[in-house]
2 protein chains.
Amino acid sequence: MDKKYTIKDIAQMAGVSKGTVDRVLHNRGKVSPAALEKINEVLNVIDYEPNLIARNLKSTKVYRICVLLPDPVFDPYWLPCVNGIQDAITEFKAYNVVIETHYFNPESTKSFLKTHEAIVAKSPDAVLLAPLFHKETIEIIKQYEELGIMVNTFNNQVESSSIKSFVGQDLYKSGRVAASLMNLILPKGQIAIIHIDESLKNAVHMQEKERGFRSYFEEKDLSDFSLTTLKLKYTNIENKLPAFIIENPDLSGIFITTSKAYQIASTLSNATDKKIALIGYDLIDKNVSFLNQGLVHFLIHQNQKRQAYLGVSTLVEHFLFRKDIPETILLPIDIINVENASFYVS
Amino acid sequence: MDKKYTIKDIAQMAGVSKGTVDRVLHNRGKVSPAALEKINEVLNVIDYEPNLIARNLKSTKVYRICVLLPDPVFDPYWLPCVNGIQDAITEFKAYNVVIETHYFNPESTKSFLKTHEAIVAKSPDAVLLAPLFHKETIEIIKQYEELGIMVNTFNNQVESSSIKSFVGQDLYKSGRVAASLMNLILPKGQIAIIHIDESLKNAVHMQEKERGFRSYFEEKDLSDFSLTTLKLKYTNIENKLPAFIIENPDLSGIFITTSKAYQIASTLSNATDKKIALIGYDLIDKNVSFLNQGLVHFLIHQNQKRQAYLGVSTLVEHFLFRKDIPETILLPIDIINVENASFYVS
DNA sequence: AAGAAAAATGTGCTCGAACACACCGTTTTA
DNA sequence: TAAAACGGTGTGTTCGAGCACATTTTTCTT
């Protein structure tokens, strides 16, 4: 039943040589109808699975996979991705795979394109990229396609037919999860949706989350709540946020659509004694610290590490084991509070 | 830097034959001090990592791993485990590994021991087991130890020095997570902790969860709450639970320590119109269905599938890649509500 | 029918680790 | 002194897939 057949076994059973079996298995032609039928008969009876170990031992082809992602120096948000990629490198170091990371400045489309050029120069077999800039992403994916380089994306979902595979999260749904939690904490009152980001690269990102968040309240017809959107920049939080709180005495909850919840929590703790519910994203150290202090109530874990890991590993397994690359992998939307946070930080 | 060295390379560099290098690498002796030093010099300079593919291709040794777990026929709780094991089988089918599942009747220690005997007869290299029965588990682990069979456990944590490795969840903490959620739903009132199980095999299990749950409320000194423990059997829920509700008009929340939340939800929906907060365990279909209906508020995901998968895969990787088996792997305590449930059911 | 071309088939080497075995030189033993 | 024992070393084979190349068989051509 679970006996493992080799090409040699098949050859013997069909009364031909292993070379002929090999040609049939790989459709290399040059096989007589008689031999073809004999071999197919055998193949239909037994359950042949090529030994992947032997195959990968033989193959001298080295697969090169490049990762195009923002430099964590500019935004620590990307740090877990580096670890995820490192995990993949460790796991596959025994195989003929080279995985390279190429950083770009997330503030600069120029840097994005330049790093892209550097990758093209390496002529990799596949690229995993964080498609931060919509227009430019479409452009470079077109280039990769022309060069026959396989592309996988992660973190940011880009609507385009040219993108065949994506690893990430359903941002709309994650907004809804945040809303459901907010609805649990608060009976009523005003809720602010705060978009805070140095640049506005994440615009689509944040809007999706807001859309999900609002949809929840609209759907449930929770008229005791009022929702306000607020856009802040890193530089003006300390001015604008306290002012906003004074102007809106009914404010009782804040949903932060980026990983910068700690900035809000920090400013808030200085500005007011009022208890305001905070829900944000990502288990970065500063956020977890405020979670432990009780100033942030929930964090939604986007699991960038696993996103990056899966982004790479699906590509590697495609080359090594001929596995299909799934069109979309949506990671679960992990709900984190002070009680379960420790199990997620790695 | 990342060049991969082979034994042949080392032999050449040290000016000896690959046989000698092999003897040094495996401490097989029969090597002159002079040759030993030459080879060690080379090994100190370069970073040799044996090619695991080649090693596993050569080795004809077939590793046999047996899993001892309750038959899902008796309790569907164990069904995801079977899938997790199947995943491991698929992943490692290319290697010389045989993974066998052996079921026992979770109601019967006799069946447990008998299945154990059947496994011993197979003389496996390692065993993964769900240690449902404390005394018997200690006993059979002793036997495995004497036979030199490696043992890994999952799902149930057993306090014993003879157990060297475990994959599961921190049940005390999961009780705390449940409590923190309950505290969010309810401002005050009576909360029932319901232990419901056909047999009482899970006694320690359930007590740990209760302990964690209670610890949260004690710690926070939430005197507006009162906690009551209730033990029910499958057969008497429909009688006892409605009676309990009438006797306790202040009851506003129930924490079910097993995967049987659906039984409570079902009985409850027939017995009363009162809105009672329900928190339970495990994403089995019936539970998810009540979650979607809004009758169950939160479920805690124990991820048995991954438990079983990791239990097996750590063993396999130990044999194939000489990886260490971690002493304890504690899976995250996933918080599930109606908004994020769909991402966890697989 | 002979020779050339084409088609079909088989052989043999490679990948890297592991290990059995053969070999050689020195020392020990009968 | 010859043979056995031993420490040390190198050679060769194996695992299964993949592919280049050699060899055989068939078909076509003149």
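Chain letters run A, B, ... following the sequence lines, proteins first and then strands; every chain starts at 1.
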Chemist: Does the side chain of B:D125 come within less than 4.5 Å of B:K61's, by heavy atoms?
Modeler: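 Side chain of B:K61 against side chain of B:D125, heavy atoms only: contact under 4.5 Å found.
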Chemist: Salt bridge check, A:E100 against A:R64: does any charged N sit closer than 4.0 Å to a carboxylate O?
Modeler: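 Yes, this pair counts.
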Chemist: Determine whether a donor-acceptor pair (one donor, one acceptor, N or O, separation below 3.5 Å) exists between the side chain of B:K18 and the base of D:dG12.
Modeler: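 By the distance-only test, yes, there is a pair.
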Chemist: Could you work out which one of D:dT14, D:dT9, D:dG16 sits closest to the side chain of B:S17?
Modeler: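 Closest of the options to the side chain of B:S17: D:dT9.
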Chemist: Between A:P50 and B:G19, name the one whose nearest nucleotide on DNA chain D is closer to the 5' end.
Modeler: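 This one resolves to B:G19.
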Chemist: Please tell me if the side chains of A:V21 and A:V16 come closer than 4.5 Å, counting only heavy atoms from C-beta onward.
Modeler: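 Heavy-atom side-chain distance check passes, below 4.5 Å.
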Chemist: B:I7 has an atom CD1; how far is it from atom C1' of C:dC15, in whole Å?
Modeler: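 Atom-to-atom, B:I7 to C:dC15, this comes out as 13 Å.
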Chemist: Locate the shortest heavy-atom distance separating A:P106 from A:D71; write the atom from each residue and the value.
Modeler: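 A:P106 and A:D71 have their closest heavy atoms at CD-N, 4.3 Å.
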Chemist: For the ring pair A:Y144 and A:H116, is the centre-to-centre distance below 6.0 Å?
Modeler: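 That pair passes the under 6.0 Å test.
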Chemist: Yes or no on side-chain hydrogen bond (donor to acceptor under 3.5 Å, both in side chains) for A:Y344 and B:D334, after CA distance, side-chain angles and deciding distance?
Modeler: CA-CA 9 Å; A:Y344 291 89; B:D334 294 320; 2.3 Å; yes
Chemist: Can you establish whether the number of heavy atoms outside A:E145 located under 6.0 Å from its atom CD is more than 12?
Modeler: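 More than 12 heavy atoms, drawn from other residues, nucleotides or ligands, come within 6.0 Å of this atom.
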Chemist: Is there a side-chain contact between B:H301 and B:R306 in this structure, where contact means two heavy atoms from C-beta onward sitting under 4.5 Å apart?
Modeler: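 Of all side-chain heavy-atom pairs linking B:R306 with B:H301, none is under 4.5 Å.
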Chemist: Roughly, in whole Å, what's the span from NZ in B:K4 to P in C:dA17?
Modeler: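 Rounding to the nearest Å, NZ of B:K4 and P of C:dA17 are 11 Å apart.
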Chemist: When you measure from every atom of DNA chain D, which of residues 20-37 of chain A have a heavy atom less than 4.0 Å away?
Modeler: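 By residue number: A:D22, A:H26, A:R28.
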Chemist: Once you round it to whole Å, what is the distance between C1' of D:dC15 and CG of A:L52?
Modeler: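 Rounding to the nearest Å, CG of A:L52 and C1' of D:dC15 are 15 Å apart.
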Chemist: Between atom NZ in A:K8 and atom C1' in C:dG12, what is the gap in whole Å?
Modeler: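 About 13 Å, once rounded to whole Å.
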Chemist: Give the rounded distance in Å between these two atoms: OH of B:Y5 and P of C:dA17.
Modeler: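 From B:Y5 OH to C:dA17 P: 14 Å.
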Chemist: Got a second to check how far A:I99's CD1 is from A:T90's OG1, nearest 0.5 Å?
Modeler: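 It is 9.0 Å, given to the nearest 0.5 Å.
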Chemist: Looking at C:dG16, I'd like to know if its phosphate oxygens (OP1 or OP2) sit under 4.0 Å from a side-chain N or O belonging to B:T6.
Modeler: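 No, because none of the side-chain N or O atoms of B:T6 sits under 4.0 Å from OP1 or OP2 of C:dG16.
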Chemist: So which pairs with a foot in residues 6-17 of chain B pass salt bridge (Lys or Arg N to Asp or Glu O under 4.0 Å), sequence neighbours left out?
Modeler: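 Output for this query lists B:K3-B:D9.
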Chemist: Can you pull out every salt bridge (Lys or Arg N to Asp or Glu O under 4.0 Å) where at least one residue sits in residues 87-97 of chain A? Sequence neighbours excluded, please.
Modeler: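 As it turns out, the salt bridge (Lys or Arg N to Asp or Glu O under 4.0 Å) pairs with a partner in residues 87-97 of chain A, which skip direct neighbours, are A:D87-A:K305.
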Chemist: Provide the full list of ring-ring contact (aromatic ring centres under 6.0 Å, His included) pairs with a residue in residues 43-71 of chain A, sequence neighbours left out, each pair given once.
Modeler: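 Every ring-ring contact (aromatic ring centres under 6.0 Å, His included) pair that includes a residue of residues 43-71 of chain A, provided the two are not neighbours, is A:Y63-A:F319.
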Chemist: Could you give the CG-to-P distance, from A:N51 to C:dA17, as a whole number of Å?
Modeler: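 From A:N51 CG to C:dA17 P: 17 Å.
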Chemist: What is the separation between atom CG on A:N96 and atom P on C:dC15, rounded to the nearest whole Å?
Modeler: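 Taking atom P of C:dC15 as the reference, CG of A:N96 is at 12 Å.
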Chemist: Where along nucleotides 23-29 of chain C does protein come under 4.0 Å, by heavy atom, of base (B) or sugar-phosphate alone (S), with - for untouched nucleotides?
Modeler: -------
Chemist: Could you check which of D:dA17, D:dG10, D:dG12 has an atom nearest any side-chain atom of B:V16?
Modeler: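 Selected nucleotide: D:dG10.
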Chemist: Can you give the dot-bracket line for DNA chain C, where a pair is Watson-Crick or G-U wobble with both atom distances under 3.5 Å, crossing pairs use [ ], and | marks a partner on another strand?
Modeler: ||||||||||||||||||||||||||||||
Chemist: Return no unless some side-chain N or O of A:Y95 is found under 4.0 Å from OP1 or OP2 of C:dG16.
Modeler: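 No, outside the criterion.
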Chemist: Just how far, in rounded Å, is C1' of C:dG16 from CG of B:N56?
Modeler: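 These atoms are roughly 12 Å apart.
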